[in-house]
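Beneath this line is the structure, given in structure tokens, with notes to follow.
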Amino acid sequence: MFKGFLNESILKKAQGKGVITIKIHDIRDYSEDKHRKVDDTPYGGGAGMVFTPQPLFDCIEAVKKKAPKAPVIYMTPKGQRLTQTKVEKLSIKFTQLILLCGHYEGIDQRVIDALVDQEISIGDYVLSGGELAAMVMVDAISRLVPGAIGKEASHEEETFSKKLGRKKEYPHYTKPAEFRGMKVPEVLLNGHHAEIEKWRKNHCK
Ligand code: ADE
């Protein structure tokens, strides 16, 4: 399910340029079970299945050997909420990240206790797996890596940026100056930088 996403636009270009590298590890490949089983019923009863510790320990330990300084981040709705501030912090602090995607009801707590450094949620809703959440993280962080996107797309002044006080960005307009009777605000047409700046500041939400 990562293929389409990784082979599109910015992420594809950034990987092509060697600015970022993304590696997918299938937990089933690490299962010692002959049917490559990775889950089992929960102790104490209840619905759903839980990831067993063995494949996860082996997989994470193998990946950590290649990326010893990378934090292991478990994508879970129980985690700390992802914000642009958090995205910036992660992109500045680390050059490598290990993102762990859960499924089913969850993963054996011993994996979290022994190997997970951070738990992150992308919002207060439950996805059927952590993959979509991991893709959201990868996208948001990758575009901040220097060289990942063109010069024209500055991060400095965009929605949730520090420069805009973490607010939502001002509205954008392009040509024509009038379309179906709808006019572009006059102030943006006159080339008066200080006034444009003021208008933009006032139109952040
Ligand atoms: N896995 C399932 N739901 C999730 C969410 N909201 N955030 C991160 N990982 C998840």
Side-chain angles (χ1 to χ4, degrees), residues 1-11 14-15 20-31 36-64 67 69-145 148 155 158-161 166 168:
M1 80 185 276
F2 293 104
K3 270 203 187 113
F5 161 76
L6 296 178
N7 289 318
E8 285 300 324
S9 65
I10 286 176
L11 286 176
Q15 288 178 95
I20 58 164
T21 310
I22 298 161
K23 291 194 176 138
I24 314 285
H25 306 268
D26 185 349
I27 288 154
R28 282 188 190 282
D29 293 342
Y30 293 85
S31 174
R36 304 188 352 125
K37 193 174 149 84
V38 292
D39 59 342
D40 218 320
T41 51
Y43 275 125
M49 299 290 269
V50 178
F51 266 122
T52 55
Q54 179 274 314
L56 285 175
F57 265 80
D58 285 356
C59 178
I60 295 167
E61 281 167 358
V63 177
K64 271 172 84 92
K69 288 192 188 140
V72 176
I73 301 176
Y74 173 40
M75 304 311 299
T76 165
K78 293 195 269 184
Q80 184 196 345
R81 176 76 69 81
L82 187 66
T83 61
Q84 189 65 18
T85 309
K86 180 79 185 162
V87 168
E88 285 168 15
K89 277 190 187 149
L90 288 169
S91 79
I92 292 165
K93 194 163 176 200
F94 302 105
T95 55
Q96 289 183 307
L97 300 171
I98 300 170
L99 305 183
L100 172 61
C101 306
H103 243 241
Y104 321 105
E105 278 308 298
I107 68 177
D108 191 288
Q109 184 63 32
R110 289 166 290 187
V111 177
I112 298 170
D113 294 344
L115 295 172
V116 168
D117 299 301
Q118 297 187 32
E119 294 179 75
I120 292 183
S121 163
I122 63 160
D124 288 345
Y125 40 80
V126 181
L127 303 166
S128 52
E131 290 91 343
L132 275 172
M135 288 191 255
V136 167
M137 280 267 286
V138 168
D139 189 285
I141 293 172
S142 296
R143 56 189 293 285
L144 298 187
V145 175
H155 307 302
E158 66 182 7
T159 294
F160 304 136
S161 65
R166 302 290 180 201
K168 289 172 195 159

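Atoms within a ligand are numbered from 1 in the order they appear, just like the ligands themselves.
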message = Minimum heavy-atom separation for Tyr30 and Pro55, please, with both atom names.
response = CB-O, 3.6 Å

key: N/O donor-acceptor pair under 3.5 Å between Gln15 side chain and Leu6 backbone   = yes

inquiry  = What's the separation between atom CG in Asp58 and atom CG in Asp29, rounded to the nearest 0.5 Å?
reply    = 12.0 Å

key: Amino acids contacting ligand 1, non-hydrogen cut-off under 4.0 Å   = Met75, Thr76, Pro77, Ile120, Ser121, Ile122, Gly123, Tyr125, Val126, Leu127, Gly129, Gly130, Ala133

Basic-acidic side-chain contact under 4.0 Å: Arg110, Asp108 = yes

task = Taking all heavy atoms of Gly129 and all of His103, pick out the closest pair and write down the distance.
result = CA-CD2, 3.5 Å

ask   = Hey, is NZ on Lys37 packed in by over 12 heavy atoms from elsewhere, all under 6.0 Å?
value = yes

